[in-house]
> 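Pasting in a structure now, in structure tokens, and then I'll have a few things to ask.
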Amino acid sequence: QLQLVESGGSLVQPGGSLRLSCTTSGSTLAWHAIGWFHQAPGKEREWVSCISSSGETTIYADFVKGRLNISRDNRKNMVWLQMNSLKPSDTGAYYCAADSVACSDFEGDFGSWGQGTQIAVSS
């Protein structure tokens, strides 16, 4: 089973940028689509983005389109989420998760999860 560890969370000012990393191990990353999810304080977790196993297909939630970019390097066992033009509403925990079938925006399709990394967008 794929293990995932997120990193890169920080405090950042509105309009700033961050790059979150998802380091994987325990299985072949190339067999999995990877998604990113966001959980704001006191709210339900929501899907943000997904990248297919090959990296050829990427999809984004409407509220992040144009601000985020998901990428991966299967040889390095890494997935990244570049976040630009950050807003206070982006504050919260970010999780990467693995789907063994195909890219999805449904949380239930993702079987393996990291522990999350926290970002805070505030002046």
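FYI, the numbering just counts along the sequence from 1. Below, each value reflects all heavy atoms present in this structure, side chains not excepted, and no hydrogens, waters or symmetry copies. Bear in mind that the values here come from a model prediction, so they are computed numbers and not experimental data.
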> Please report the C-alpha distance between T117 and V5 in whole Å, then the side-chain angles of each, then the deciding distance to 0.1 Å, and finally whether the side chain to side chain contact (heavy atoms under 4.5 Å, CB included) criterion is met.
CA-CA 9 Å; T117 187; V5 178; over 6 Å; no
> Can you name the closest pair of heavy atoms from S49 and I59 and give their distance?
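It is OG-O, 2.9 Å.
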> Report the C-alpha distance between M78 and T23 in whole Å, list the side-chain angles of each, state the deciding distance to 0.1 Å, and finish with yes or no for side chain to side chain contact (heavy atoms under 4.5 Å, CB included).
CA-CA 5 Å; M78 296 289 298; T23 304; 3.3 Å; yes
> Determine whether a donor-acceptor pair (N or O, by modelled atom type, separation under 3.5 Å) exists between the side chain of S52 and the backbone of T57.
yes
> Please evaluate residues Y95 and E6 with respect to the criterion side chain to side chain contact (heavy atoms under 4.5 Å, CB included), reporting the C-alpha separation (whole Å), side-chain torsions for both, the decisive distance (0.1 Å), and the verdict.
CA-CA 7 Å; Y95 301 87; E6 303 90 340; 3.8 Å; yes
> Side-chain contact, heavy-atom cut-off 4.5 Å: L86 with I119?
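Yes, side chains in contact.
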> So does Q39 get a backbone contact from the side chain of R45, meaning a donor-acceptor N/O pair under 3.5 Å?
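Absent.
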> So do S112 and Q1 actually touch side chain to side chain, heavy atoms under 4.5 Å?
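Answer yes - side chains close enough.
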> Going through the checks in order, is the salt bridge (charged side-chain N to carboxylate O under 4.0 Å, His left out) test met by D62 and K65?
CA-CA 5 Å; D62 286 343; K65 278 183 181 176; 3.2 Å; yes
> Under 4.5 Å between any side-chain heavy atoms of N69 and T58, yes or no?
no
> Please check if any side-chain donor atom of Q13 sits under 3.5 Å from a side-chain acceptor atom of S123, or the reverse.
no
> Quick one: does S54's side chain have a donor or acceptor within less than 3.5 Å of a partner on E56's backbone?
yes
> If only atom types and distance count, is the side chain of D109 paired as donor or acceptor with the main-chain N or O of A102 below 3.5 Å?
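Flag not set: sc D109 to bb A102 has no pair under 3.5 Å.
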> W36 vs L20, test: side chain to side chain contact (heavy atoms under 4.5 Å, CB included). Steps then yes/no.
CA-CA 10 Å; W36 283 94; L20 304 184; 3.8 Å; yes
> Please examine the side chains of F110 and S104, heavy atoms only from C-beta on, and report whether any two atoms are closer than 4.5 Å.
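Yes. Closest side-chain heavy atoms under 4.5 Å.
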> Under a 4.5 Å cut-off applied to non-hydrogen side-chain atoms, are H38 and K43 in contact?
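They are not in contact (no side-chain heavy atoms under 4.5 Å apart), so the answer is no.
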> Report yes if some heavy atom in the side chain of W47 is under 4.5 Å from a heavy atom in the side chain of F106; otherwise report no.
no
> Would you indicate whether the side-chain heavy atoms of D90 and L18 approach each other to under 4.5 Å?
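The answer is no, as the side chains (C-beta and beyond) never meet within the 4.5 Å cut-off.
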> If we only count heavy atoms from C-beta on, is the T28 to N77 side-chain gap below 4.5 Å?
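Heavy-atom side-chain distance check fails, nothing below 4.5 Å.
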